[in-house]
Amino acid sequence: MIKIVSADFIKGAVKPEAYPSVNLPEFAFFGRSNAGKSSLINMIVNRKSLVKTGSRPGMTRQINFFTINKQFVLADLPGYGYAQRSAEENRAFDRMLTDYASLRQELKSIFFLMDMRRIPGEAESNTVEYFEKLGIEVIIVGTKADKIGKNDIVNVRKKWGEFFRRTPDLIIPTSASKNTGRDELLKRITERL
Ligand code: GDP
């Protein structure tokens with residue numbers, strides 16, 4: 001298993017011209033705001049606060065890039081689904097996301113995060129379909145698995161598997177609170193390096 005020895009913030013960027021040119025394989029993390037993305041990233045890199053958690057809705061509107069082990073880049077994409085965003089802000093957000101997904105050559109896979117207590121809907125299926133149509137691999141990650149029981153975890157994986165048209169073993173349950181699922185995520189990254 002890969003050992004995380006360093007995690008360094010490179011920069012934040014909105015427009016493609018501003019993306020860092022590091023030339024390492026890149027993995028992006030994406031999900032609805034409050035899905036637990038910041039907590040999960042901190043768990044992966046073994047840091048308490050590489051990424052700020054519970055930040056004010058709408059605060060992070062840029063893509064934050066980090067180099068991990070000088071081996072790969074982790075891209076922290078802003079969360080979607082803030083009710084407070086204006087139509088204009090939503091357009092800018094969509095633009096940032098579509099630019100990134102369609103132009104970022106280094107991007108290997110997107111880890112798509114969902115709170116395991118949520119039922120995926122149209123927003124989620126559209127998002128996954130959009131990335132996959134661009135030829136980007138989407139890895140589905142269930143967050144806050146500690147909030148549901150063992151049997152529920154099995155059921156959610158089965159239901160999400162059907163919904164996202166993949167086998168249940170491809171739905172990765174995680175909990176940043178209980179520090180579970182980390183090895184599974186690192187395995188997916190390592191396999192793609
Ligand atoms: P983000 O908006 O997607 O970056 O989500 P955060 O990481 O900031 O987490 C949102 C909220 O969910 C915070 O109150 C976290 O403490 C909580 N949270 C995040 N991960 C977990 C988890 O694995 N288990 C539980 N029980 N709560 C979590």
Side-chain angles (χ1 to χ4, degrees), residues 4 7-14 26-66 68 73-86 89-90 92-94 96-97 100-101 107 109-121 123-128 130-131 138-157 159-160 164 168 170-189:
I4 305 294
D8 303 293
F9 178 63
I10 312 169
K11 69 184 298 200
V14 175
E26 187 161 302
F27 300 91
F29 285 73
F30 185 57
R32 187 179 288 276
S33 67
N34 218 39
K37 176 171 52 71
S38 311
S39 306
L40 191 83
I41 292 174
N42 289 331
M43 170 174 89
I44 292 171
V45 300
N46 257 329
R47 292 275 200 88
K48 269 213 181 74
S49 54
L50 183 73
V51 178
K52 282 201 191 80
T53 54
S55 52
R56 214 173 72 226
M59 278 289 283
T60 14
R61 290 202 194 90
Q62 56 178 14
I63 303 168
N64 287 316
F65 296 88
F66 302 85
I68 313 296
V73 169
L74 188 158
D76 178 11
L77 305 181
Y80 67 91
Y82 289 111
Q84 296 94 323
R85 271 192 189 128
S86 66
E89 282 173 318
N90 276 328
F93 179 89
D94 288 348
M96 175 168 53
L97 192 69
Y100 175 76
L107 179 61
S109 326
I110 293 187
F111 288 83
F112 184 56
L113 277 46
M114 276 189 59
D115 187 321
M116 291 199 87
R117 295 167 297 180
R118 281 190 81 100
I119 296 165
E124 284 72 29
S125 59
N126 288 344
T127 302
V128 170
Y130 170 75
F131 291 136
V138 180
I139 298 170
I140 311 265
V141 178
T143 59
K144 311 189 192 182
D146 57 286
K147 288 281 191 188
I148 62 174
K150 283 229 162 60
N151 292 334
D152 294 332
I153 293 178
V154 174
N155 286 332
V156 168
R157 292 178 92 184
K159 283 204 182 112
W160 287 14
F164 292 113
L170 292 176
I171 312 290
I172 309 175
T174 66
S175 164
S177 304
K178 295 266 188 283
N179 206 16
T180 55
R182 183 174 183 270
D183 286 357
E184 196 61 39
L185 296 173
L186 286 175
K187 193 176 133 212
R188 300 303 158 104
I189 291 174

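Read the numbers this way: they start at 1 and go in the same order the structure lists the ligands and their atoms. All of these numbers come straight from a predicted model, not from anything done at the bench.
- Contact check for I10 versus N64: no side-chain heavy atoms found under the 4.5 Å cut-off.
- Residues N90 and Y82 form no side-chain contact, since every pair of their non-hydrogen atoms from C-beta on lies 4.5 Å or further apart.
- I172 is listed as a side-chain neighbour of R188, based on a closest heavy-atom distance under 4.5 Å.
- K178 and D146 are not joined by a salt bridge, as no carboxylate oxygen comes within less than 4.0 angstrom of a charged side-chain nitrogen.
- Some N or O of D146 is nearer than 3.5 Å to an N or O of ligand 1, by distance alone.
- Against a heavy-atom cut-off of under 4.0 Å, S175 is close to the following atoms of ligand 1: 23 (O).
- The option with the heavy atom closest to atom 15 (C) of ligand 1, from among S39, S33, S38, G81, is S39.
- Listed by atom number, the atoms of ligand 1 under 4.0 Å from G36 heavy atoms are 1 (P), 3 (O), 5 (O), 6 (P), 7 (O), 9 (O), 19 (C).
- Side chains of Q84 and E89 form no contact here, defined as non-hydrogen atoms less than 4.5 Å apart.
- The number of heavy-atom neighbours closer than 6.0 Å to NZ of K147, taken from other residues, nucleotides and ligands shown, is 12 or below.
- Within the structure, the closest approach of G31 to ligand 1 does not fall below 4.0 Å when heavy atoms are considered.
- The heavy atom nearest to atom 18 (N) of ligand 1, considering only K178, K147, R117, K144, is found in K144.
- In terms of N/O distances under 3.5 Å, ligand 1 is approached by A35.
- When non-hydrogen atoms are compared, ligand 1 lies under 4.0 Å from the backbone of N34 as well as from its side chain.
- Within the 4.5 Å cutoff, side-chain heavy atoms of F29 are placed close to those of L40.
- For the ligand labelled ligand 1, residue G79 lies outside the 4.0 Å heavy-atom shell.
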